[in-house]
Peer 1: 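Take this structure, written in structure tokens, and hold onto it; I'll ask about it next.
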Amino acid sequence: MLTVVIYGEASKKVIKEISLHEDDLSKTILELLQEHKIPIASSCMGEGVCKKCVINDNILSCFKLVKDITRWESPIIRISYL
């Protein structure tokens, strides 16, 4: 399966690499990050109201599914404040 790189833009470091499994594909990216203990901001519990869980400059991680990552040119999740 696919490996996703979590990159902290503030630290300019790879935070973690996550190997995706079939059961991960139906989760939101926010859920995946939370399960892997990646500190991702979210005060609305994934309802999309607070807009704090932004990744890759403009993607709300609570609205995108992990399966969407498989269509990205590069499987990198960039978090600005990490």
Side-chain angles (χ1 to χ4, degrees):
M1 193 103 230
L2 184 67
T3 297
V4 176
V5 174
I6 311 302
Y7 181 78
E9 291 183 326
S11 65
K12 300 194 182 330
K13 293 182 181 178
V14 172
I15 306 300
K16 189 170 192 172
E17 293 186 12
I18 301 172
S19 295
L20 298 180
H21 301 284
E22 191 70 32
D23 58 327
D24 292 325
L25 298 178
S26 61
K27 298 173 186 171
T28 66
I29 295 173
L30 176 63
E31 291 170 330
L32 179 77
L33 295 172
Q34 290 172 334
E35 285 179 7
H36 286 272
K37 309 290 188 235
I38 305 298
I40 182 79
S42 175
S43 62
C44 68
M45 308 306 257
E47 293 181 15
V49 178
C50 72
K51 301 198 181 349
K52 293 181 179 181
C53 65
V54 173
I55 59 169
N56 298 12
D57 297 325
N58 63 354
I59 298 172
L60 284 180
S61 64
C62 63
F63 282 173
K64 285 288 183 182
L65 295 178
V66 173
K67 70 179 177 182
D68 295 329
I69 296 172
T70 62
R71 289 183 236 131
W72 292 0
E73 185 176 321
S74 181
I76 299 174
I77 294 174
R78 293 178 288 108
I79 302 174
S80 63
Y81 50 82
L82 292 184

Peer 1: So if you build clusters from Ile, Leu, Val, Met, Phe, Trp, Tyr with side-chain heavy-atom gaps below 4.5 Å, do L20 and L65 land together?
Peer 2: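 Per the 4.5 Å side-chain linkage, L20 and L65 are not co-clustered.
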Peer 1: Same hydrophobic cluster for I29 and V49, using side-chain heavy-atom links shorter than 4.5 Å among ILVMFWY?
Peer 2: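 In one cluster with I29: V49, no.
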Peer 1: What I'd like to find out is whether the side chain of V66 reaches to under 4.5 Å of the side chain of T28, using heavy atoms alone.
Peer 2: no
Peer 1: What pairs with E73 under side chain to side chain contact (heavy atoms under 4.5 Å, CB included), at least two apart in sequence or on another chain?
Peer 2: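 For E73, no residue satisfies side chain to side chain contact (heavy atoms under 4.5 Å, CB included) once neighbours in sequence are set aside.
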Peer 1: Can you list the other members of the hydrophobic cluster that holds Y7, where links are side-chain heavy atoms under 4.5 angstrom apart?
Peer 2: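 Via sub-4.5 Å side-chain contacts, Y7 links to V5, V14, I76.
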Peer 1: Quick one: list whatever passes side chain to side chain contact (heavy atoms under 4.5 Å, CB included) with S11, sequence neighbours left out.
Peer 2: K13, I15
Peer 1: Hey, what do you get for CG (L33) to CD1 (I79), rounding to the nearest 0.5 Å?
Peer 2: 5.0 Å
Peer 1: Applying side-chain hydrogen bond (donor to acceptor under 3.5 Å, both in side chains) as the test, list every pair that has at least one member in residues 48-70; sequence neighbours left out.
Peer 2: D57-R78, D68-R71
Peer 1: Not counting sequence neighbours, list each pair that qualifies as a salt bridge (Lys or Arg N to Asp or Glu O under 4.0 Å) and has a residue in residues 17-28.
Peer 2: D24-K27, K27-E35
Peer 1: When Ile, Leu, Val, Met, Phe, Trp and Tyr are grouped by side-chain heavy atoms lying under 4.5 Å apart, directly or through other members, which residues fall in the same group as L60?
Peer 2: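 Noted: L60 shares its cluster with V54, F63.
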Peer 1: What verdict does the side-chain contact (heavy atoms from CB on, under 4.5 Å) test give for L2 and W72, after you've listed the backbone C-alpha separation in whole Å, the side-chain angles of each residue and the deciding distance to 0.1 Å?
Peer 2: CA-CA 11 Å; L2 184 67; W72 292 0; over 6 Å; no
Peer 1: With side-chain hydrogen bond (donor to acceptor under 3.5 Å, both in side chains) as the rule and sequence neighbours excluded, what pairs involving residues 36-46 come up?
Peer 2: none
